[in-house]
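I have placed the structure first, in the form of C-alpha coordinates, so that the comments after it can refer back to it.
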Amino acid sequence: MNAPISRRETQRRQAELFSFHSVAAAPALIGWTLTVDGVGGRIVETEAYDHEDPASHSFSGPTPRNAVMFGEAGHVYVYRSYGIHWCMNLVCAGHASAVLIRALEPTEGLDVMIARRGLDEPRALCSGPGRLCQALGVTREHNGMRIDQPPFALEPGPAAEVIVGPRIGITRAAEVPWRFGERGSRYLSKPFPRV
DNA sequence: CTATTGATGTTCT
DNA sequence: GAACATCAATAGA
(Lines give C-alpha, C1' and ligand atoms only; values in the text may rest on other atoms or scores of the structure.)
Protein backbone atom coordinates (compact mmCIF):
# COMPACT_ATOMS: atom_id res chain seq x y z
CA MET A 1 0.00 0.00 0.00
CA ASN A 2 2.09 2.89 1.26
CA ALA A 3 5.52 2.70 -0.29
CA PRO A 4 8.31 3.60 2.14
CA ILE A 5 9.17 7.28 1.95
CA SER A 6 12.72 7.87 0.80
CA ARG A 7 15.13 10.02 2.75
CA ARG A 8 15.33 12.31 -0.24
CA GLU A 9 11.56 12.69 -0.50
CA THR A 10 11.30 13.42 3.23
CA GLN A 11 13.94 16.14 2.89
CA ARG A 12 12.10 17.66 -0.06
CA ARG A 13 8.76 17.70 1.77
CA GLN A 14 10.35 19.17 4.92
CA ALA A 15 12.06 21.92 2.94
CA GLU A 16 8.69 22.83 1.42
CA LEU A 17 6.92 22.68 4.80
CA PHE A 18 9.42 24.96 6.53
CA SER A 19 9.26 27.53 3.72
CA PHE A 20 5.65 28.13 4.83
CA HIS A 21 4.47 30.59 7.43
CA SER A 22 3.05 28.88 10.54
CA VAL A 23 -0.55 29.51 9.45
CA ALA A 24 0.07 27.48 6.27
CA ALA A 25 2.38 24.92 7.86
CA ALA A 26 0.06 24.08 10.77
CA PRO A 27 -2.73 22.51 8.63
CA ALA A 28 -0.12 20.96 6.31
CA LEU A 29 1.42 19.11 9.27
CA ILE A 30 -1.75 17.15 10.02
CA GLY A 31 -1.03 13.52 9.11
CA TRP A 32 2.77 13.72 9.41
CA THR A 33 4.51 11.32 11.79
CA LEU A 34 6.60 12.77 14.62
CA THR A 35 8.87 10.64 16.80
CA VAL A 36 11.53 11.18 19.46
CA ASP A 37 13.94 8.27 19.79
CA GLY A 38 11.45 6.18 17.85
CA VAL A 39 8.51 7.01 20.13
CA GLY A 40 5.54 9.01 18.82
CA GLY A 41 2.74 9.00 16.27
CA ARG A 42 0.67 10.85 13.66
CA ILE A 43 0.08 14.55 14.20
CA VAL A 44 -3.69 15.13 14.47
CA GLU A 45 -3.87 18.63 16.03
CA THR A 46 -1.80 21.83 15.71
CA GLU A 47 -2.02 25.58 16.35
CA ALA A 48 -0.25 28.49 14.63
CA TYR A 49 1.40 31.47 16.35
CA ASP A 50 3.32 34.42 14.96
CA HIS A 51 5.00 37.74 15.68
CA GLU A 52 1.89 39.87 14.95
CA ASP A 53 -0.22 37.72 17.24
CA PRO A 54 -1.03 38.96 20.78
CA ALA A 55 -1.35 35.34 21.98
CA SER A 56 2.17 34.43 20.81
CA HIS A 57 5.25 34.28 23.00
CA SER A 58 7.05 36.17 20.24
CA PHE A 59 4.57 39.10 20.21
CA SER A 60 6.63 41.39 22.44
CA GLY A 61 9.98 40.75 20.77
CA PRO A 62 12.92 38.45 21.50
CA THR A 63 13.65 37.27 25.05
CA PRO A 64 15.83 34.45 26.40
CA ARG A 65 12.79 32.14 26.48
CA ASN A 66 11.53 32.72 22.94
CA ALA A 67 14.91 33.16 21.22
CA VAL A 68 14.49 29.97 19.21
CA MET A 69 11.28 31.33 17.62
CA PHE A 70 13.32 34.18 16.14
CA GLY A 71 15.87 31.74 14.69
CA GLU A 72 15.90 29.28 11.83
CA ALA A 73 12.83 27.40 10.61
CA GLY A 74 12.83 23.68 11.27
CA HIS A 75 14.07 23.97 14.85
CA VAL A 76 12.16 22.94 17.97
CA TYR A 77 10.92 25.51 20.52
CA VAL A 78 10.13 23.97 23.92
CA TYR A 79 8.73 25.95 26.85
CA ARG A 80 7.43 25.24 30.33
CA SER A 81 3.68 25.58 30.67
CA TYR A 82 2.00 26.41 33.99
CA GLY A 83 5.14 25.35 35.83
CA ILE A 84 4.34 21.69 35.30
CA HIS A 85 4.22 20.68 31.66
CA TRP A 86 6.39 21.04 28.57
CA CYS A 87 5.02 22.10 25.19
CA MET A 88 6.76 21.80 21.82
CA ASN A 89 6.59 23.93 18.67
CA LEU A 90 8.15 23.75 15.23
CA VAL A 91 9.61 27.06 14.09
CA CYS A 92 8.43 28.15 10.61
CA ALA A 93 9.37 30.72 7.99
CA GLY A 94 8.32 34.33 8.36
CA HIS A 95 8.99 36.45 11.41
CA ALA A 96 9.03 34.42 14.63
CA SER A 97 6.25 32.07 13.63
CA ALA A 98 5.79 28.58 15.02
CA VAL A 99 3.38 25.65 15.14
CA LEU A 100 2.36 24.20 18.51
CA ILE A 101 2.01 20.41 18.32
CA ARG A 102 -1.20 19.77 20.29
CA ALA A 103 -2.03 16.09 19.80
CA LEU A 104 -0.76 12.84 18.28
CA GLU A 105 -2.38 9.55 17.43
CA PRO A 106 0.07 7.20 19.19
CA THR A 107 1.54 4.68 16.74
CA GLU A 108 5.13 3.90 17.78
CA GLY A 109 6.62 2.98 21.13
CA LEU A 110 3.28 2.51 22.88
CA ASP A 111 4.92 0.63 25.77
CA VAL A 112 7.36 3.47 26.45
CA MET A 113 4.58 6.08 26.34
CA ILE A 114 2.41 4.02 28.68
CA ALA A 115 5.28 3.76 31.18
CA ARG A 116 6.06 7.50 31.04
CA ARG A 117 2.42 8.56 31.35
CA GLY A 118 1.42 5.95 33.92
CA LEU A 119 -1.69 5.15 31.85
CA ASP A 120 -2.67 2.41 29.47
CA GLU A 121 -5.46 4.12 27.55
CA PRO A 122 -4.22 5.15 24.08
CA ARG A 123 -6.81 7.96 23.95
CA ALA A 124 -5.11 9.80 26.82
CA LEU A 125 -1.44 9.24 25.93
CA CYS A 126 -0.81 12.15 23.53
CA SER A 127 -4.09 14.11 23.41
CA GLY A 128 -2.76 17.49 24.53
CA PRO A 129 0.47 19.48 24.22
CA GLY A 130 1.67 18.70 27.74
CA ARG A 131 0.62 15.07 27.52
CA LEU A 132 2.46 14.36 24.29
CA CYS A 133 5.68 15.94 25.54
CA GLN A 134 5.54 13.70 28.61
CA ALA A 135 4.85 10.64 26.45
CA LEU A 136 7.70 11.46 24.05
CA GLY A 137 10.12 12.56 26.78
CA VAL A 138 10.46 16.11 25.43
CA THR A 139 11.94 18.63 27.91
CA ARG A 140 14.00 21.81 28.02
CA GLU A 141 17.00 19.81 26.73
CA HIS A 142 15.33 19.62 23.32
CA ASN A 143 14.84 23.37 22.96
CA GLY A 144 16.65 24.67 19.86
CA MET A 145 17.36 21.25 18.33
CA ARG A 146 16.70 20.52 14.65
CA ILE A 147 13.60 18.50 13.81
CA ASP A 148 15.40 16.70 10.95
CA GLN A 149 18.10 15.17 13.15
CA PRO A 150 18.11 12.63 16.00
CA PRO A 151 16.52 12.16 18.39
CA PHE A 152 13.73 13.66 16.27
CA ALA A 153 12.19 12.30 13.10
CA LEU A 154 9.44 13.95 11.04
CA GLU A 155 7.98 12.15 8.02
CA PRO A 156 5.13 13.06 5.70
CA GLY A 157 1.97 10.94 5.62
CA PRO A 158 -1.08 10.64 3.39
CA ALA A 159 -3.12 13.84 3.10
CA ALA A 160 -5.73 14.19 5.84
CA GLU A 161 -9.05 16.06 5.93
CA VAL A 162 -8.37 19.11 8.08
CA ILE A 163 -10.86 21.10 10.17
CA VAL A 164 -10.34 24.57 11.64
CA GLY A 165 -11.36 26.35 14.83
CA PRO A 166 -10.35 28.88 17.50
CA ARG A 167 -7.25 28.13 19.55
CA ILE A 168 -7.49 26.68 23.05
CA GLY A 169 -6.43 27.98 26.44
CA ILE A 170 -5.54 31.54 25.45
CA THR A 171 -7.07 34.85 26.55
CA ARG A 172 -5.78 37.25 23.88
CA ALA A 173 -6.82 36.89 20.22
CA ALA A 174 -9.00 33.99 21.36
CA GLU A 175 -11.27 34.28 18.31
CA VAL A 176 -8.52 33.77 15.69
CA PRO A 177 -9.18 30.43 13.93
CA TRP A 178 -5.63 29.07 13.92
CA ARG A 179 -6.31 25.65 15.44
CA PHE A 180 -6.25 22.73 13.00
CA GLY A 181 -7.20 19.07 13.41
CA GLU A 182 -7.89 15.87 11.56
CA ARG A 183 -11.63 15.50 11.05
CA GLY A 184 -13.06 12.63 13.06
CA SER A 185 -9.87 11.80 14.96
CA ARG A 186 -10.43 10.23 18.38
CA TYR A 187 -7.11 11.63 19.60
CA LEU A 188 -7.85 15.38 19.67
CA SER A 189 -7.23 17.28 22.91
CA LYS A 190 -10.83 18.56 22.69
CA PRO A 191 -13.55 18.35 20.05
CA PHE A 192 -13.85 21.14 17.49
CA PRO A 193 -16.98 23.33 17.73
CA ARG A 194 -19.98 22.78 15.37
CA VAL A 195 -18.96 19.83 13.24
C1' DC B 1 -21.06 15.34 28.82
C1' DT B 2 -19.65 20.43 31.07
C1' DA B 3 -17.72 23.31 34.85
C1' DT B 4 -14.54 24.22 38.47
C1' DT B 5 -10.35 24.19 40.99
C1' DG B 6 -5.58 23.18 42.79
C1' DA B 7 -0.83 22.29 41.59
C1' DT B 8 3.32 24.20 39.90
C1' DG B 9 7.88 27.14 37.79
C1' DT B 10 9.01 30.92 34.78
C1' DT B 11 8.30 35.14 32.76
C1' DC B 12 6.63 39.60 32.72
C1' DT B 13 4.84 44.03 34.79
C1' DG C 1 2.55 40.09 42.46
C1' DA C 2 0.00 38.50 38.35
C1' DA C 3 -0.39 35.82 34.37
C1' DC C 4 0.30 31.78 32.00
C1' DA C 5 -0.25 28.25 24.39
C1' DT C 6 -2.16 22.71 30.91
C1' DC C 7 -3.70 18.61 33.32
C1' DA C 8 -6.09 15.59 36.59
C1' DA C 9 -9.49 15.11 39.89
C1' DT C 10 -13.88 16.16 41.39
C1' DA C 11 -18.79 17.46 41.38
C1' DG C 12 -22.98 17.88 39.11
C1' DA C 13 -26.54 17.56 35.15
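The chains referred to below are lettered A, B, ... by the order of the sequence lines, with proteins before strands, and numbering in each begins at 1.
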From the options dC12(B), dA5(C), dC4(C), select the nucleotide whose nearest atom is closest to the side chain of Thr63(A).
->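 Per side-chain heavy atoms of Thr63(A), the pick is dC12(B).
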Hey, is the side chain of Ser189(A) poking within less than 4.0 Å of OP1 or OP2 on dT6(C), counting only N and O atoms?
->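 Negative; the distance criterion is not met.
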Arg131(A) side chain near dA8(C) phosphate (N/O to OP1/OP2, under 4.0 Å) |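 For Arg131(A), the contact criterion (side-chain N or O under 4.0 Å from OP1 or OP2 of dA8(C)) is met.
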Would you give the length of the straight line joining atom [atom1] of [X] to atom [atom2] of [Y], rounded to the nearest 0.5 angstrom?
X: Cys87(A); Y: Tyr82(A); atom1: SG; atom2: OH; answer: 9.5 Å
X: Phe59(A); Y: Met69(A); atom1: CZ; atom2: CE; answer: 12.5 Å
X: Leu154(A); Y: Thr35(A); atom1: CG; atom2: OG1; answer: 8.5 Å
X: Met88(A); Y: Ser81(A); atom1: CE; atom2: OG; answer: 14.5 Å

Grab the [atom1]-[atom2] distance between [X] and [N] for me, whole Å please.
X: Lys190(A); N: dA5(C); atom1: NZ; atom2: P; result: 15 Å
X: Leu132(A); N: dA8(C); atom1: CG; atom2: P; result: 12 Å
X: Arg123(A); N: dA8(C); atom1: CZ; atom2: P; result: 14 Å
X: Leu188(A); N: dT6(C); atom1: CG; atom2: C1'; result: 17 Å
X: His57(A); N: dT11(B); atom1: NE2; atom2: C1'; result: 9 Å
X: Phe59(A); N: dA3(C); atom1: CZ; atom2: P; result: 18 Å
X: Tyr49(A); N: dC4(C); atom1: OH; atom2: P; result: 12 Å

Residues touching DNA chain B, which here means a heavy atom under 4.0 Å, drawn from residues 77-89 of chain A =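 Residues of residues 77-89 of chain A under 4.0 Å from DNA chain B: Tyr82(A), Gly83(A), Ile84(A).
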Listed in order of residue number, which residues of residues 91-118 of chain A have a non-hydrogen atom at under 4.0 Å from DNA chain B?
->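 Hits under 4.0 Å, by residue number: none.
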Arg167(A) and Asp53(A) ion-paired at < 4.0 Å =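 Yes, this pair counts.
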Does the side chain of Ser189(A) pick up a donor-acceptor pair with the side chain of Arg102(A) at under 3.5 Å?
->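 Arg102(A) and Ser189(A) do have a side-chain donor-acceptor pair below 3.5 Å.
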Across all strands, who's sitting opposite dC12(B) as a Watson-Crick or G-U wobble pair, both distances under 3.5 Å?
->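 Base partner found: dG1(C).
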Which base sits across from dA11(C) as a Watson-Crick or G-U pair, both distances under 3.5 Å?
->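 Result: dT2(B).
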Glu182(A) backbone acceptor or donor facing Ser185(A) side chain under 3.5 Å =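 No.
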Would you please indicate yes or no on a ring centroid separation below 6.0 angstrom for Tyr49(A) and His57(A)?
->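 They do not qualify: ring centres at least 6.0 Å apart.
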Base, sugar-phosphate alone, or nothing: which one does Thr171(A) contact when heavy atoms must sit under 4.0 Å apart?
->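 Answer is sugar-phosphate: Thr171(A) comes under 4.0 Å of backbone atoms only.
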Which is it for Leu104(A) and Leu136(A) under the side-chain contact (heavy atoms from CB on, under 4.5 Å) test, yes or no, and what are the steps along the way?
-> CA-CA 10 Å; Leu104(A) 305 180; Leu136(A) 272 56; 3.9 Å; yes
Given that Gln134(A) and Ile170(A) both sit by DNA chain C, which one's nearest nucleotide is further toward the 5' end?
->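 Here Ile170(A) is the residue nearer the 5' end.
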